[in-house]
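A quick write-up on the structure given underneath.
Since we're looking at a predicted model, the values are computed, not measured. Just so it is clear: chains get the letters A, B, ... in the order the sequence lines come, proteins before strands, and each one is counted from 1.
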Protein chains: 2
Amino acid sequence: MSYANDMPTVEKVARTDAGLAAELRLGVMRLRRRLAGERHPDNELSLNQMGVLGVLARRGELTVGELAAAEKVQPPSMTRTVNCLEESGDVVKSPHPTDGRQVVVGLSDQGRDRVLADRARRDAWLAQRLRELTPEERAVLRQAAPILDRLAQQD
Amino acid sequence: MSYANDMPTVEKVARTDAGLAAELRLGVMRLRRRLAGERHPDNELSLNQMGVLGVLARRGELTVGELAAAEKVQPPSMTRTVNCLEESGDVVKSPHPTDGRQVVVGLSDQGRDRVLADRARRDAWLAQRLRELTPEERAVLRQAAPILDRLAQQD
DNA sequence: GCGGAATAGTTAGCAGAGGTAATGAGTTAT
DNA sequence: ATAACTCATTACCTCTGCTAACTATTCCGC
């Protein structure tokens with residue numbers, strides 16, 4: 001564990017909750033920025049679009065509202081993302097069978113293909129970095145990932 | 001450890017590096033989104049501005065280029081953020097003593113006051129959530145925070 | 001059954017934060 | 001002295017999020 005030595009940016013000040021909050025915030029913001037930047041030319045889908053396709057791949061067809069809740073965005077934002085995905089032919093919108101207000105969104109065949117191919121490329125950078133970590137560090141992140149997501153899910 | 005049960009969004013698929021990458025990406029993106037939203041009215045500084053003030057508070061005066069590198073953004077983006085902070089009186093720009101091309105950015109007294117006051121408010125939401133975790137979970141995040149930041153730092 | 005409240009989605013408009021390309025000013029090297 | 005490079009800035013564009021306002025549909029109370 002020598003990584004703290006050459007890291008002037010994040011010192012070991014995460015002792016208090018406030019300190020941990022600050023460190024976590026910085027790390028999350030920077031990592032997300034890097035992730036957004038690591039979008040090769042062959043990957044025409046944005047991070048958000050990939051996120052939506054990923055949720056659809058995991059959970060099957062969902063309504064716009066459910067997608068918005070899952071991704072923790074407001075409905076209008078999800079409408080835009082879904083419209084964009086529909087235009088590119090990756091998702092299909094269909095009317096809800098019993099409730100005429102709702103719209104059901106599902107993956108198209110193209111979208112299903114794409115989510116696999118693009119996910120591999122999309123996560124290549126991060127997966128490569130993960131591979132460069134020690135097994136212990138990976139274990140920490142493996143435990144941390146669901147906690148992070150849970151933090152994001154809370155009201 | 002029962003949290004995985006009521007979390008359909010993030011299953012325990014983070015066994016492979018690719019799976020971990022995907023989970024981590026989702027968690028980071030969602031948490032960052034929540035963080036950006038949790039900005040009370042009395043907090044007039046944006047997340048990025050806070051980030052820059054935080055770096056200056058830790059590392060002292062830096063040039064625009066160094067700040068851009070630290071926050072992993074392109075120089076023009078940092079110029080804009082710094083200009084905004086200068087306008088609000090939180091940082092001071094001064095010419096580099098030996099190199100006329102560079103611009104040195106430092107915290108003003110007001111900025112130094114503000115970084116303390118606002119950081120407390122800014123992290124209140126996250127700190128509160130952290131307090132609701134178990135000590136073990138906090139320990140995981142405490143280990144994870146520097147790893148996340150290190151992932152973001154890598155070329 | 002019908003009229004008002006609630007809900008789902010959309011549209012319109014705005015702000016923040018990021019990027020690239022081109023420019024200007026200053027420094028370094030030939 | 002001039003050519004080449006570096007740092008910061010300017011100009012412009014994109015993406016992604018938000019709120020507010022509107023439409024369409026459903027649900028509820030009478």
Can you figure out which of [options] approaches the side chain of [X] most closely?
X	options	result
B:P76	C:dG19, C:dA21, D:dG17	C:dA21
B:D99	D:dT9, C:dT27, D:dG17	C:dT27
B:S77	D:dT9, C:dT27, C:dG18	C:dG18
A:V103	D:dA8, C:dA17, C:dG9	C:dG9

Atom [atom1] of [X] to atom [atom2] of [N]: distance rounded to whole Å?
X	N	atom1	atom2	value
A:L67	C:dA8	CG	C1'	13 Å
B:H96	D:dC7	NE2	P	11 Å
A:Q102	C:dT7	CD	P	12 Å
B:M78	C:dT20	CE	C1'	17 Å
B:Q74	D:dA8	CD	P	13 Å
B:M29	D:dC15	CE	C1'	12 Å
B:L45	C:dA17	CG	C1'	15 Å
A:L47	C:dA17	CG	C1'	14 Å

Could you check whether [Y] and [X], counting side-chain N and O atoms only, form a donor-acceptor pair closer than 3.5 Å?
X	Y	result
B:E87	B:N83	no
B:T134	B:E136	yes
B:S46	B:N48	no
A:Q128	A:R131	yes

5' precedence on DNA chain C between A:V82 and A:R32 (nearest-nucleotide basis): A:V82
Considering heavy-atom distances to DNA chain C, does B:P75 or A:G65 have its closest nucleotide positioned more toward the 5' end? A:G65
Would you tell me if any nitrogen or oxygen in the side chain of [X] comes within less than 4.0 Å of OP1 or OP2 on [N]?
X	N	answer
A:K93	C:dT10	yes
B:S46	C:dA17	yes
B:T63	D:dC7	no
A:N48	D:dG17	yes
A:T79	C:dT10	yes

Could a donor-acceptor pair under 3.5 angstrom be found where the side chain of A:R101 meets the base of C:dT7?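 A donor-acceptor contact between them is present.
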So for A:R80 and D:dG17, does any side-chain atom that can act as donor or acceptor lie under 3.5 Å from a complementary atom in the base?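 Present.
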Any heavy-atom pair between the side chains of B:L26 and A:L148 that's under 4.5 Å?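 No, every pair of side-chain atoms sits at 4.5 Å or beyond.
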Audit row: B:V82, B:V103, side chain to side chain contact (heavy atoms under 4.5 Å, CB included) steps and yes/no: CA-CA 11 Å; B:V82 166; B:V103 173; over 6 Å; no
Nearest-nucleotide 5' precedence on DNA chain D, A:T81 against A:T98: A:T81
